[in-house]
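Encoded as structure tokens, the structure appears first; notes follow it.
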There are 2 protein chains.
Amino acid sequence: MRDVAALAKVSTKTVSRVINDLPGAGPEVVERVRAAARTLGYRPNLTASSLRRSDRRSATIGVLFEDLSNPFDSALLRAVEDRARQGGVLVLAGSSEDDHSMQRELLLSLSARRVDGVVVMAVGGHQDALQQERDRGTPMVLVDRPPTFGGTDCVTTTNRDSSRDAVLQLASLGHRDIAFLGDRRTLWTSQERYTGYLEGLAQAGLTLREELVRTDLHGADLAEVAATELLDLAKPPTALFTAQNLVTVGAMRVLRARRLQHRVALIGFDDFPLADMLEPGITVVRQDVPGIGRKAAELIFARIDGDTSPPVHAVVPASIVRRGSGEITPSAD
Amino acid sequence: MRDVAALAKVSTKTVSRVINDLPGAGPEVVERVRAAARTLGYRPNLTASSLRRSDRRSATIGVLFEDLSNPFDSALLRAVEDRARQGGVLVLAGSSEDDHSMQRELLLSLSARRVDGVVVMAVGGHQDALQQERDRGTPMVLVDRPPTFGGTDCVTTTNRDSSRDAVLQLASLGHRDIAFLGDRRTLWTSQERYTGYLEGLAQAGLTLREELVRTDLHGADLAEVAATELLDLAKPPTALFTAQNLVTVGAMRVLRARRLQHRVALIGFDDFPLADMLEPGITVVRQDVPGIGRKAAELIFARIDGDTSPPVHAVVPASIVRRGSGEITPSAD
DNA sequence: TCCTCCTACGTCAACGTTGACGTAACCGAG
DNA sequence: CTCGGTTACGTCAACGTTGACGTAGGAGGA
């Protein structure tokens, strides 16, 4: 900047004025400064600028999800990024791997870089680190899972209601033995979906068979094992409700291996690519991922812009997409 | 920091020493400062620090891909992020949408934040903005597509050779009418894969039927149209080589709609989730995405650490994954 | 003519941090 | 007891930028 000022024969302050399109610079001077900046390849230093400016904005937000390579997470990231770009804001992204210390470290890293706000998919269990950061005044929005502390916005989907609807659909087809396969019980979404499952059973007048409930299935491999065990029961389930992405995939593999994919009904929570191309197509509860991302972005930017209205818990509705696997009736045998 | 110093009754310099674990602070003072920092909720300001420090590092790199919600891009991002985290480096991520002005703007944004380096999936066509940034001294690694200018590292896969091998495999099964369906011709990868297709035909002694070559299919919808037209030809192809992810999906849809999925052979470039669960399983050329990401990260961090050896073009081998659709022999009729 | 107001600049200090350097106290060796 | 060296601090300025304020010159009105 000093070099630009010297070359244009003005003060650095005037260069600043030109770069930021502030008034108080004559047209001739503006041109001289612009030319000098071009020839020197000058790039303003936003970090120095935000250090000095009164608003202290870094024009950067943090996004802290579980696994950026997961389709759900990356779709969410993309939605947030699109909204951010409209305001000239960039996104610092990190994967917490559902690990508390990782989440904590990443949060500190973001804090050290003075991000204007963070969008977090909270790790299950306690949220001490999140609350601490929130209490320091960092605008924060939780996605997918609500905060266990107050004063923070959050965006989730209709986990419980949609799970209940899925179970009710299966029950209405005549299924009486509906299994539940869920992810880690520490995750709020898992709990909600399980509660929805229970509500569905109750509303349909079905009794819970505890041996048909399998939880803590983190990843497709564990889900495969659980599905195998369920189908090996003396009285196996005639329908499966799989409460997460990868769990659905694991269950599908087992059904296909046993050629049961047309005999055992399956509804999964979370859509995934190509679910419609399988034989049969997989019926799923589809979350409105871009909708969730947009809402989260909208909330975080409102808070950054000083919105002090009471915290919001936005719920973005999910819907059942019928593709075949969830419309299978119980086998005669 | 001043507040911490005041509370601990030391100078800010001593606080700095304690925070950075530098020698020159007595154990008692260290404890006082740590306690003061804790009670005040002090967080170091990395931007101010990097402004003043001699090395000028922001401990942040930029990642500029085409679409972060694309599985290929997000897997790559994840691999880079994992490597970055090991060095305490965070990732600023952006989607260029294959648009020159977007890429340019994001690049300027990254530059303004003084990232230590950038990993870029270059937009097709000219690379003026990239070269300009590179010439300013920003360490840069291109992934998936090589630079059109010199002096820059890059990581790609065996686009040409693997495409040739795919075509040779189809030819060896007796296919003589093998169609090519490709993405935008401005993309280097498309060109390479097309060249591999031509090499494969030539090596197998097959003549090129130009009406079987369809390019500029950006997205599954365009691919569907093209596949439909190909199958409507008087002498339709008995095998398809689809040179990109979404193109493969589009072609698959058409084959299934016409119940030809067991009669027309299909090999796709790029793997995708659940390709093994379809009927038949889809034979693909699988890139080693984590390998590419790791290599790109390794290169960028080496450059950031001052490696001045000649630029490298790393080629990470892809391999054919046989799942059924690429092993179909030509129909009798 | 003189005073006021506005425009187009410049000067200075400060944002939070650290490199360079200074200094006082203490330690061990000769 | 002195002297060189080490340890444990402190002081000062600077990184690149901008808010606050100062000033010179010209335009315009009484």
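- For B:Leu51, taking side-chain heavy atoms from C-beta onward, the closest of the listed nucleotides D:dC9, D:dC15, D:dG10 is D:dC15.
- Following rounding to the nearest Å, B:Lys9 (NZ) and D:dG10 (P) show an atom-to-atom distance of 12 Å.
- Atom CG of B:Asp55 is separated from atom C1' of C:dT17 by 13 Å (rounded to the nearest Å).
- If B:Val30 and A:Thr12 are placed on DNA chain D by their nearest nucleotide, the residue sitting closer to the 5' end is B:Val30.
- Rounding to the nearest 0.5 angstrom, the gap separating the CG atom in B:Leu40 from the CZ atom in A:Arg136 is 10.5 Å.
- A:His218 and A:Asp183 share a donor-acceptor pair across their side chains, judged by distance under 3.5 Å alone.
- With rounding to whole Å, B:Arg2 atom CZ is found 15 Å from C:dT18 atom C1'.
- Between A:Arg145 and A:Glu192 there is no salt bridge, since no side-chain N of the basic residue sits under 4.0 Å from a carboxylate O of the acidic one.
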Report task. For nucleotides 21-28 of chain C, just jot down a letter per nucleotide in 5' to 3' order: B, S or -, based on protein non-hydrogen atoms under 4.0 Å. Result -> --------
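- Using a 4.5 Å heavy-atom cutoff, the side chains of A:Asp99 and A:Val123 are not in contact.
- For the pair A:Leu22 CG and C:dT7 C1', the interatomic distance rounds to 15 Å; values are reported in whole Å.
- Each of A:Met1, A:Arg2, A:Arg34 was compared with A:Val15 under the side-chain contact (heavy atoms from CB on, under 4.5 Å) criterion, and only A:Met1 meets it.
- Around CZ of A:Arg53, the count of heavy atoms belonging to other residues, nucleotides or ligands within 6.0 Å exceeds 12.
- Under the 3.5 Å distance criterion, the side-chain polar atoms of A:Ser190 are matched with a main-chain donor or acceptor of A:Arg184.
- At a threshold of 4.0 Å, the pair B:Glu298-B:Arg294 does not count as salt-bridged, since none of the basic side-chain nitrogens sits closer than that to a carboxylate oxygen.
- Between B:Ile19 atom CD1 and C:dT18 atom P the separation is 9 Å, expressed in whole Å.
- Residues of residues 31-48 of chain B that place a heavy atom closer than 4.0 Å to DNA chain D do not occur.
- Here the side chain of A:Arg113 pairs a donor or acceptor atom with the backbone of B:Ala59 at under 3.5 angstrom.
- C:dT18 atom P lies 7 Å from atom NZ of B:Lys13, rounded to whole Å.
- Between B:Arg78 and A:Glu97 there is a salt bridge, since a side-chain N of the basic residue sits under 4.0 Å from a carboxylate O of the acidic one.
- Of the charged side-chain nitrogens involved, none lies within less than 4.0 Å of a carboxylate oxygen, so that A:Asp55 and A:Arg57 do not count as a salt-bridged pair.
- Distance, B:Arg57 CZ to C:dT17 C1': 18 Å, rounded to whole Å.
- Between the side chain of B:Arg52 and the base of C:dT17 there is no donor-acceptor pair of N/O atoms closer than 3.5 Å.
- At a threshold of 4.0 angstrom between heavy atoms, the contacts of B:Ser49 are confined to the sugar-phosphate backbone, with no base atom among them.
- At least one side-chain nitrogen or oxygen of A:Thr14 sits closer than 4.0 Å to the OP1 or OP2 atom of C:dG10.
- Annotation: the terminal axes of the helix from C:dT1-D:dA30 to C:dG30-D:dC1 meet at 50°, where each axis is the rotation carrying the C1' atoms of four end pairs onto the next four (5 pairs per end, rounded to 10°).
- Atom CZ in B:Arg56 sits roughly 12 Å away from atom C1' in C:dT17 (whole-Å rounding).
- Residue A:Ser16 places at least one side-chain N or O closer than 4.0 Å to OP1 or OP2 of D:dT18.
- The residues B:Glu133 and A:Arg43 are annotated as salt-bridged, a charged nitrogen and a carboxylate oxygen being separated by less than 4.0 angstrom.
- No engagement by A:Val15 is indicated, since no non-hydrogen atom pair under 4.0 Å with the nucleic acid exists.
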